[in-house]
**Student:** 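Quick one: the structure is below, and I'll ask about it shortly.
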Amino acid sequence: MYPTVAEALALPVVRRGGPAVVAGAAGLGRRVRWVHAAEVADIADLLRGGELVLTTGIALPEDAEGLAGYVADLASVGAAGLVVELVRRWRDDVPGALVAAAERHGLPLVTLSRETRFVSVTEAVVALIVDAQLAELRAAEQVHEAFTALTVAGAEPAEVLREVARTSGLPVVLETLGHDVLAYDAAGQDPSALLADWAERSRAVAPAERTSYHEGSGWLVTVVGARGADWGRLVLVTPEAPPHRHVVVAERAASALAVHRLVARDRESLERQTHRTLLTQLLGQPPHDLPTRAAALGVPLERRQLVGVAIRPGTATPPAQALATQEALRDLAEATALAARRATVPALVGVVDDTSVRALLSLPPQAGLDGVLRRLAREVHRTAAATQHARPVVVAVGTTVSVVADVRRSLGEAAHVAGAALRSPGGRLYHRLDDVRLRGLLHLLREDERVRAFADRELGPLLARDDHQGSRLVELLRCFCEQGGNKSAAAAAAHLSRTAYYQQLNRIEQVLGVSLEDPESVLSLHVALLVQEMGERDPQLPRPPASAG
């Protein structure tokens with residue numbers, strides 16, 4: 001908020017004195033906090049730093065050593081500059097010792113060739129300082145109004161950072177306390193350069209105060225959090241010490257982010273939102289800077305083994321209720337992210353649809369994939385058990401790929417396998433495509449209307465009979481197929497006596513007009529039942545027209 005020495009010298013009252021910079025020109029950008037006129041040699045003890053000292057030189061030392069000491073004292077207390085009027089003590093120029101000392105200490109030394117009223121200079125510079133302070137206060141008020149409006153509107157972090165970049169003109173990064181980048185706005189600069197080696201650079205910056213400027217890195221850092229629960233840092237990248245309004249911007253933005261997190265604490269965490277955004281982009285058309293953003297989150301995507309994973313809540317609920325709620329999926333996503341951290345596996349984890357949690361694992365080329373997957377799956381099952389009310393989960397894995405363009409295929413395969421594995425025999429830590437066999441094939445084809453039409457043709461009369469009469473013939477047929485045609489085992493699974501169950505099988509044969517002794521008929525009905533199951537779990541799938549009869 002203070003003018004520079006150069007700006008003070010440009011004032012008309014100073015220009016009329018014929019100013020000339022004779023030493024320390026590199027320091028003309030120093031800020032002038034005040035103006036002090038003094039005719040004593042030991043003035044340094046009366047200064048606090050940032051003063052532009054005005055003197056006629058009449059009380060300055062005669063000898064070169066004394067003049068050098070006078071300049072050294074001014075520099076040591078942080079004086080902004082020294083202005084000497086060449087009228088009373090020196091006529092044409094100041095002594096060489098004074099010039100040499102000022103140049104050595106980088107202290108701007110200015111001479112005035114004409115008599116100048118120092119009081120007029122003081123008034124003009126102070127007026128400049130006051131105007132700058134008023135402008136700074138007005139800017140701070142505008143910042144408060146802008147970020148208050150964002151807070152009230154419940155603005156997302158990306159909107160808050162966009163306003164920070166717009167207001168300050170500086171790149172801004174929001175990171176976790178573990179130095180992973182959650183969001184950023186490069187303010188028109190190159191994102192790759194901004195985020196390169198971010199975690200390493202960030203760990204080297206440890207400000208002692210809640211908001212402070214780290215000169216070595218050129219970072220203005222403020223802690224983000226509320227109610228004693230700090231969770232991140234906001235970084236404005238500025239090569240020069242920031243003005244007060246930039247500090248206000250950083251602190252008001254941090255407050256807006258903290259409030260957003262408090263309001264949204266029952267929804268996805270900010271980290272999950274960030275991961276979900278990247279996963280959604282990987283499933284679509286990944287932007288060119290996506291690998292950079294992922295690497296800044298601690299999940300490098302280049303020269304790595306990339307593995308898509310899908311995690312779904314198991315079948316503890318009836319199939320009609322198997323579609324997981326968003327709340328349950330968010331809990332499962334947090335549990336999966338925690339499991340990945342415990343297993344030391346870099347991963348993007350988020351909820352991208354209504355059925356499952358998706359994760360993309362990033363492993364070094366030399367990592368043993370099976371060992372990593374076993375370790376991760378154990379942690380997922382153990383961690384999810386504490387948040388899913390002991391409900392089992394299904395972990396499915398896609399093909400390992402090595403380039404970002406193939407990640408979509410791996411994530412898609414994992415989702416297909418997870419859906420197909422829901423009713424597969426338990427006991428597996430995780431499933432692959434070759435583990436789900438026929439169910440996996442049918443899951444891949446589940447959206448094909450011809451497959452759904454086939455299932456309706458096979459089971460239509462039985463479904464209509466159950467609807468009209470409240471019977472459970474479809475359920476009893478499922479028991480028969482799942483027990484491999486063993487009628488005694490199927491009767492036990494259906495909780496019926498063998499006599500009663502055999503009667504129901506006869507009724508099924510009559511309704512469908514098929515023989516359950518015919519292996520091909522049983523196979524056809526079993527396939528139809530598997531397709532019908534998938535439709536119950538995914539009710540958003542389109543259904544073909546109902547079969548006649």
Side-chain angles (χ1 to χ4, degrees), residues 175-182 198-200 203 268-283 290-312 329-352 356-388 393-404 406-415 417-418 421 428-433 435:
E175 65 170 6
T176 67
L177 294 180
H179 311 292
D180 292 333
V181 176
L182 293 173
W198 179 267
E200 181 179 351
R203 279 191 287 269
E268 278 184 304
S269 71
L270 179 55
E271 185 177 14
R272 296 282 71 72
Q273 289 180 36
T274 305
H275 284 216
R276 172 169 55 82
T277 298
L278 294 186
L279 287 168
T280 301
Q281 292 175 338
L282 284 166
L283 288 167
L290 193 147
T292 299
R293 291 156 55 196
L297 278 168
V299 187
L301 301 182
E302 297 175 334
R303 295 183 293 278
R304 306 281 286 186
Q305 297 184 77
L306 305 175
V307 186
V309 178
I311 303 94
R312 290 187 66 154
L329 287 175
R330 285 195 293 268
D331 290 344
L332 184 55
E334 294 292 352
T336 302
L338 177 59
R341 287 193 291 272
R342 287 175 173 171
T344 63
V345 179
L348 297 174
V349 181
V351 180
V352 297
S356 64
V357 171
R358 304 285 185 96
L360 178 65
L361 312 185
S362 170
L363 309 175
Q366 68 276 12
L369 183 59
D370 288 340
V372 171
L373 290 175
R374 284 194 298 271
R375 187 170 74 248
L376 175 65
R378 288 193 191 97
E379 287 293 342
V380 169
H381 287 293
R382 184 169 69 87
T383 308
T387 59
Q388 298 291 303
V393 296
V394 171
V395 180
V397 179
T399 301
T400 302
V401 299
S402 58
V403 295
V404 172
D406 293 336
V407 165
R408 177 180 180 181
R409 172 166 58 87
S410 183
L411 288 169
E413 282 184 5
V417 173
R428 289 185 180 274
L429 279 173
Y430 62 91
H431 300 262
R432 289 184 178 276
L433 194 58
D435 296 329

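We count residues from 1, following the sequence as given. Below, each value reflects all heavy atoms present in this structure, side chains not excepted, and no hydrogens, waters or symmetry copies.
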**Student:** Above 12 or not: heavy atoms from other molecules or residues under 6.0 Å from CZ of R375?
**Tutor:**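 Yes, the 6.0 Å shell around CZ holds more than 12 heavy atoms from other groups.
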**Student:** Report yes if some heavy atom in the side chain of V299 is under 4.5 Å from a heavy atom in the side chain of R304; otherwise report no.
**Tutor:**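 The answer is no, as the side chains (C-beta and beyond) never meet within the 4.5 Å cut-off.
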**Student:** Any idea which heavy atoms bring L282 and L290 closest together, and the distance?
**Tutor:**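 Closest approach of L282 to L290: CD2-CD2, 3.7 Å.
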**Student:** Where the side chain of H381 meets the backbone of L429, is there a donor-acceptor pair that is under 3.5 Å apart?
**Tutor:** yes
**Student:** How long is the straight-line distance from CZ of R330 back to CZ of R272, given to the nearest 0.5 Å?
**Tutor:**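 The CZ atom of R272 sits 12.5 Å away from the CZ atom of R330.
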**Student:** Let me confirm one number: the CG-OG1 distance from L373 to T400, rounded to the nearest 0.5 Å.
**Tutor:**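 Going from CG on L373 over to OG1 on T400, the span is 7.0 Å.
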**Student:** With a 3.5 Å distance limit and no angle check, can you tell me whether S362 reaches the backbone of P300 through a side-chain donor-acceptor pair?
**Tutor:**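 It does hold such a pair.
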**Student:** Would you name the heavy atoms of S356 and A310 that are closest together and state the gap between them?
**Tutor:**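 So the minimum-distance heavy-atom pair works out to OG-CB, 4.4 Å.
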**Student:** Under 4.5 Å between any side-chain heavy atoms of L338 and R341, yes or no?
**Tutor:** yes
**Student:** For the residue pair G398 and V307, what are the closest heavy atoms and their distance?
**Tutor:** O-CG1, 3.8 Å
**Student:** Hey, could you give me each pair passing salt bridge (Lys or Arg N to Asp or Glu O under 4.0 Å) that has a residue in residues 356-371? Not counting sequence neighbours.
**Tutor:**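 The answer is D353-R358, D370-R432.
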**Student:** Keeping the roles fixed (side chain from Q305, backbone from L363), state whether a donor-acceptor pair exists under 3.5 Å.
**Tutor:** no
**Student:** Return the minimal non-hydrogen interatomic distance between L360 and L306, and the atom names on each side.
**Tutor:**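 Heavy atoms only, the tightest pair is CD1-CB, 4.2 Å.
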**Student:** How long is the straight-line distance from CD of Q281 back to CZ of R276, given to the nearest 0.5 Å?
**Tutor:**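 The CD atom of Q281 is 11.0 Å from CZ of R276, to the nearest 0.5 Å.
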**Student:** About how many Å separate NE2 of H275 and OG1 of T336, when rounded to the nearest 0.5 Å?
**Tutor:** 12.5 Å
**Student:** Nearest 0.5 angstrom please: L278 CG to L283 CG, how far?
**Tutor:**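 Here the interatomic distance stands at 11.0 Å.
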**Student:** Would a 4.5 Å heavy-atom cut-off, applied to side chains only, mark T176 and L182 as touching?
**Tutor:** yes
**Student:** So, for L411 and G308, which heavy atoms are closest and what is the spacing to 0.1 Å?
**Tutor:**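 For L411 and G308, the tightest heavy-atom pair comes out as CD2-CA, 3.7 Å.
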**Student:** Set out, in order, the CA-CA distance, both residues' side-chain angles and the distance that settles side chain to side chain contact (heavy atoms under 4.5 Å, CB included) for V181 and T274, then state yes or no.
**Tutor:** CA-CA 9 Å; V181 176; T274 305; over 6 Å; no
**Student:** What is the distance from atom CZ of R374 to atom CG of L369, rounded to the nearest 0.5 Å?
**Tutor:**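 Here the rounded value is 9.5 Å.
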**Student:** Check A333 against V349 and note the closest heavy-atom contact, atom names and distance.
**Tutor:** O-CG1, 3.5 Å
**Student:** Strictly distance-based, threshold 3.5 Å: is any side-chain N or O of T399 a donor or acceptor partner for the main-chain N or O of S410?
**Tutor:** no
**Student:** Could you work out, with salt bridge (Lys or Arg N to Asp or Glu O under 4.0 Å) as the rule, every residue matching R293, not counting sequence neighbours?
**Tutor:**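 Only D289 meet the salt bridge (Lys or Arg N to Asp or Glu O under 4.0 Å) criterion with R293.
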**Student:** Does any part of the side chain of V393, heavy atoms only, come nearer than 4.5 Å to the side chain of L332, both counted from C-beta?
**Tutor:**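 SC-SC contact between L332 and V393 confirmed.
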